[in-house]
Each structure stands twice: as C-alpha cells, then as structure tokens.
Amino acid sequence: MAGQTNRDTATTRRSAGADILRALIVISRRGVADARVADLSLSMTDQSILGYIVDHPGSRSTDIAQAFRLNRSTVSRQLAGLIELGVVCEKTDASGRGRPLELTDSGWAAYNEAIAILQGVVDEHLDGWTDAEVTRFAHDLQRFNTGVSGETRPRHPLEAPPVPLDSAP
C-alpha cells in the first residue's frame, strides 16, 4: 500500500510540474505577443537583454553571455542589432576590452513601455482574484525563482525606473 501511495504521489507531482511548465510557456508567449503592440516591438530576447543592462549597470556583453548561458558571439550579434536599432550603446569613456553597455533614451522608452504593457496584462489576468490569492501567487513565484544560480532579477514593476546615467543631476 505505501509503495502505491508513493508512486501516486510521484505521478501527481510530475503531472503538476508539467502543468507549471505549460503555464510558464503560455505566460511567456502571451507576454511577447502583447508587448508587440509597443511603439518599438522587441523580441523576448531583446527585452531580456535590455532588462539585464538595466539591472546590471556597467555590464558588458560577456556578462550577458555568462548570465544567459549563451555563446559570446550570439550575444554580440544580438547586441549589434540593438545598437543598430538605437536602444543600446557602448559607453564611450570606457577603456579596455568589452565596453560597458547602457540604454539610450530610446532604449529606456522601449524598456519602460514594454514593462508597462506586461504589467497591464498581469493586472488584467489577476482581476477578480482576491488580495490573498495575488499575495500567495506572488510569494510562490518568488519562492520558485529564489536560489536559482545564474539567474537575473528583473526590476520590480513598482520600483521607480532607474534614471538614465546621462540624465542624473
């Protein structure tokens, strides 16, 4: 009997884990699709790179490659596109290999617009949930992401957006 119960529990846990994965995939797809209504449509990868630069001021392409577990040439190609788009630039006053990256004014506008759109989607989907349900869901998601090595923490939507370096007093 105990062996059967353990197998049933393991099967239920695997099934629940698969349900979580499917839900995360749907959330990601929906976020990318909904963010396409922005003035500057950025891919999920583009949004992730901008977010990394926001959350890690002074980061270089090698830092992004390491954090995302990607080949440096892959990140370099992606950054070249973002630089050409005018949303990312290399700091000109830096020396040495791998110049620090920063968002341009257009980059800040695109990033903040994407965050606002995504926050609107989340708020819409949580409409009708109780405050306790929203709090529990937020807690569970934070717990799910805590302690995962090498992961980045995106800016919390309620945090004030960082001030672009060239706008600081």
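Within the model, atoms CG of Leu21 and CD1 of Ile25 stand 4.0 Å from one another, a figure rounded to the nearest 0.5 Å. One finds the CD atom of Glu102 at 10.5 Å from the OG atom of Ser59 (value rounded to the nearest 0.5 Å). Between atom CZ of residue Phe144 and atom NE2 of residue His139 there is a gap of 14.0 Å, rounded to the nearest 0.5 Å. Taking CG from Leu70 and OG from Ser61, the interatomic distance works out to 11.5 Å, rounded to the nearest 0.5 Å. From His125, atom NE2 reaches atom CG of Asp123 across 10.5 Å, with rounding to the nearest 0.5 Å.
Across all their heavy atoms, Pro100 and Gly58 have their closest contact at CB-O, 3.6 Å. Taking both residues in full, the closest heavy atoms of Arg99 and Lys91 are given as CD-O, 3.5 Å, listed atom of the first, atom of the second, then distance.
Using a 4.5 Å heavy-atom threshold, the side chains of Asn71 and Thr74 count as touching. Considering only heavy atoms from C-beta on, Val88 comes within 4.5 Å of Leu50 through its side chain.
Residues passing the salt bridge (charged side-chain N to carboxylate O under 4.0 Å, His left out) test with Asp140, sequence neighbours excluded: Arg136. For Asp127, the side-chain hydrogen bond (donor to acceptor under 3.5 Å, both in side chains) criterion is met by no residue, not counting sequence neighbours. Qualifying side chain to side chain contact (heavy atoms under 4.5 Å, CB included) partners for Thr11, counting only residues two or more places apart in sequence or in other chains: Arg14.
Judged by distance alone, the side chain of Gln47 and the main-chain N or O of Leu42 form a donor-acceptor pair under 3.5 Å. Side chain of Glu133 to main chain of Thr130: a donor-acceptor pair is present (N/O by atom type, distance under 3.5 Å, no hydrogens or angles).
If you chain together hydrophobic residues whose side chains sit under 4.5 Å apart, Val75 and Tyr111 fall into the same group. Leu85 is connected to Leu103 through a chain of hydrophobic side-chain contacts under 4.5 Å among Ile, Leu, Val, Met, Phe, Trp and Tyr, so both are in one cluster. Connection of Ile20 to Leu141 is not established within any shared hydrophobic cluster, with ILVMFWY side chains joined at heavy-atom distances below 4.5 Å, either directly or through further cluster members. By the criterion of side-chain heavy atoms lying less than 4.5 angstrom apart, applied directly or through intervening Ile, Leu, Val, Met, Phe, Trp or Tyr residues, Val121 is not grouped with Ile27; the two fall into different hydrophobic clusters.
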- Evaluation steps, side chain to side chain contact (heavy atoms under 4.5 Å, CB included), between Thr45 and Gln78: CA-CA 8 Å; Thr45 303; Gln78 196 74 32; 3.6 Å; yes
- Message: Between Asp46 and Ser43, is the side chain to side chain donor-acceptor pair (under 3.5 Å) condition met? List the steps.
- Response: CA-CA 5 Å; Asp46 294 339; Ser43 71; 3.3 Å; yes
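Across Asp63, Leu101, Val87, Leu82, a single residue satisfies side-chain contact (heavy atoms from CB on, under 4.5 Å) together with Ile53, and that is Leu101.
Residue Asp19 places its CG atom among more than 12 non-hydrogen atoms of other residues, nucleotides or ligands, all under 6.0 Å distant.
Between Tyr52 and His56, the ring planes are parallel. Angles under 30° get that label, and only those over 60° would be called perpendicular.
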